[in-house]
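Counting convention: from 1, in listed order, for ligands and their atoms alike. Remember, it's a predicted structure, so these values are computed and weren't measured experimentally. Residue numbers count from 1 along this sequence. Because only heavy atoms are used, hydrogens play no part in the values below, and waters and symmetry mates are left out as well, while side chains stay in.
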Amino acid sequence: MKNTPEGFINLVHQRYSDEESRLRAQQFYKLMSSRRSVRFFSDEKFDRRLLELAVMTASTAPSGANKQPWKYVIVESPEIKREIKIAAEKEEKENYERRMPKSWLDDLKAFGTDWHKDFLEVAPYIVVVFKIDYLNEDGSMKKHYYVNESVGISVGMFIAALQNIGLVTLTHTPSPMNFLSRILKRPSNERAFLLLPVGYPHPEAVVPDIERKGRDEVMEII
Ligand code: IYR
């Protein structure tokens with residue numbers, strides 16, 4: 001384009017050689033293939049700036065009309081982590097003992113999960129992601145667009161950023177999650193989306209012996 005239109009700037013873009021693209025694609029796939037959801041955490045602390053950088057990376061995600069409808073709440077207070085654990089376990093006990101149908105419980109058998117959520121106290125940080133459905137601006141409600149898609153993409157990038165720096169996490173979904181708004185005193189336009197403990201794995205951490213789908217199962221070329 002000869003003239004940059006009003007309100008636009010030139011794109012900054014890094015073009016790689018074919019060979020470098022291939023190498024980078026393989027390296028990134030290898031890095032992400034080794035990611036596992038971890039339920040056994042070490043209580044070892046780490047520099048919070050690492051987590052802040054991962055959140056800033058997550059916040060580069062594309063979003064509907066660039067509304068960036070997310071808020072990442074980093075919990076490091078042991079008292080608040082404990083409060084979250086107690087409330088999450090209360091909901092999960094109800095889920096496992098009454099709310100989840102047998103077919104769901106059967107699907108979860110391979111993961112060895114139950115209502116106990118010790119990782120919520122052990123991991124040095126719990127990150128609670130909230131979605132912002134609308135903005136309250138001088139009394140008027142401004143609706144956001146594609147909020148679930150946007151926040152989902154952002155959390156995916158957060159998980160990739162953590163993997164890139166050697167931290168582990170779990171996408172935990174205590175349900176219902178309203179207790180998080182109460183404990184974390186969030187405004188009414190924010191709703192809890194996901195909860196992720198973050199840390200280093202316990203030295204004896206185990207993970208389920210499960211496999212990822214192969215090339216021909218996850219894609220079709222037409
Ligand atoms: N939220 C419950 C149950 C659970 C649901 C799914 I889908 C999982 O992949 C694992 C667990 C829990 O966190 O235990």
Side-chain angles (χ1 to χ4, degrees), residues 32-43 51 54-55 58 70-78 80-131 133 147-163 167-184 186 190-202 204-214 217-218:
M32 294 311 295
S33 301
S34 65
R35 186 200 60 78
R36 295 298 311 256
S37 290
V38 170
R39 292 182 176 80
F40 302 97
F41 286 81
S42 153
D43 61 4
L51 197 50
V55 171
W70 44 71
K71 180 81 86 184
Y72 286 76
V73 178
I74 298 176
V75 182
E76 60 180 349
S77 149
I80 300 178
K81 282 197 294 175
R82 185 167 174 71
E83 217 182 317
I84 290 175
K85 176 187 185 263
I86 291 168
E89 286 187 335
K90 191 169 159 228
E91 292 295 350
E92 291 292 28
K93 193 163 192 296
E94 198 58 28
N95 288 340
Y96 279 86
E97 290 177 358
R98 271 175 280 276
R99 296 198 278 239
M100 283 150 72
K102 184 175 179 302
S103 53
W104 192 349
L105 292 170
D106 283 346
D107 268 342
L108 291 184
K109 274 205 181 109
F111 304 91
T113 58
D114 61 23
W115 62 266
H116 294 96
K117 301 297 167 192
D118 290 337
F119 53 76
L120 292 175
E121 249 193 307
V122 177
Y125 298 100
I126 297 177
V127 176
V128 186
V129 187
F130 288 85
K131 59 177 176 181
D133 287 317
V147 171
N148 287 324
E149 291 84 347
S150 304
V151 183
I153 294 167
S154 174
V155 172
M157 292 173 62
F158 180 59
I159 293 169
L162 294 175
Q163 178 68 9
L167 291 166
V168 299
T169 189
L170 172 73
T171 45
H172 178 45
T173 51
S175 167
M177 289 202 270
N178 343 358
F179 67 89
L180 291 165
S181 298
R182 177 176 48 78
I183 295 174
L184 301 174
R186 302 314 302 166
E190 290 184 15
R191 274 191 293 160
F193 183 78
L194 259 185
L195 184 163
L196 302 100
V198 181
Y200 288 110
H202 187 279
E204 284 158 32
V206 293
V207 290
D209 186 10
I210 48 175
E211 281 182 4
R212 293 201 163 98
K213 290 182 178 176
E217 258 185 299
V218 299

Tyr72/Phe158 under ring-ring contact (aromatic ring centres under 6.0 Å, His included): CA gap, chis, key distance, verdict: CA-CA 10 Å; Tyr72 286 76; Phe158 180 59; 5.4 Å; yes
Residue and atom name of the nearest protein heavy atom (relative to atom 1 (N) of ligand 1), distance in Å to one decimal: Glu92 OE2, 2.9 Å
Heavy atom of the protein closest to atom 6 (C) of ligand 1 (residue, atom name, distance): Leu108 CD2, 3.7 Å
Sub-4.5 Å side-chain heavy-atom contact between Val198 and Val168: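 In short, these two side chains do not touch, never coming nearer than 4.5 Å.
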Asp118 and Glu89, any side-chain heavy atoms less than 4.5 Å apart: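 They are in side-chain contact.
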Contacting atoms of ligand 1, where contact means under 4.0 angstrom from a heavy atom of His172: 12 (C), 13 (O)
Per-atom contacts, ligand 1 versus Thr173 - under 4.0 Å to a heavy atom: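 Ligand 1 atoms under the 4.0 Å threshold to Thr173: 1 (N).
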Within-cut-off N or O pair, Arg39 and ligand 1, under 3.5 Å: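 No; every N/O pair is 3.5 Å or more apart.
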Selected option - heavy-atom contact closest to atom 11 (C) of ligand 1, from Trp104, Phe111, Tyr96: Tyr96
Phe193 and Phe130 aromatic centres sub-6.0 Å: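 No: the rings miss the under 6.0 Å criterion.
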Within 45° cone of Phe119 ring axis and under 6.0 Å: Arg39 NZ or CZ: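 Geometry flag: not set, cation outside 6.0 Å or 45°.
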Ligand 1 versus Asp107: contacting region, heavy-atom distance under 4.0 Å: neither
With Asn95, the side chain to side chain donor-acceptor pair (under 3.5 Å) member among Lys93, Glu91, Glu97, Arg99: Arg99
Ligand 1 contacted by Asn95 (non-hydrogen, < 4.0 Å):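 Not so, Asn95 does not reach ligand 1.
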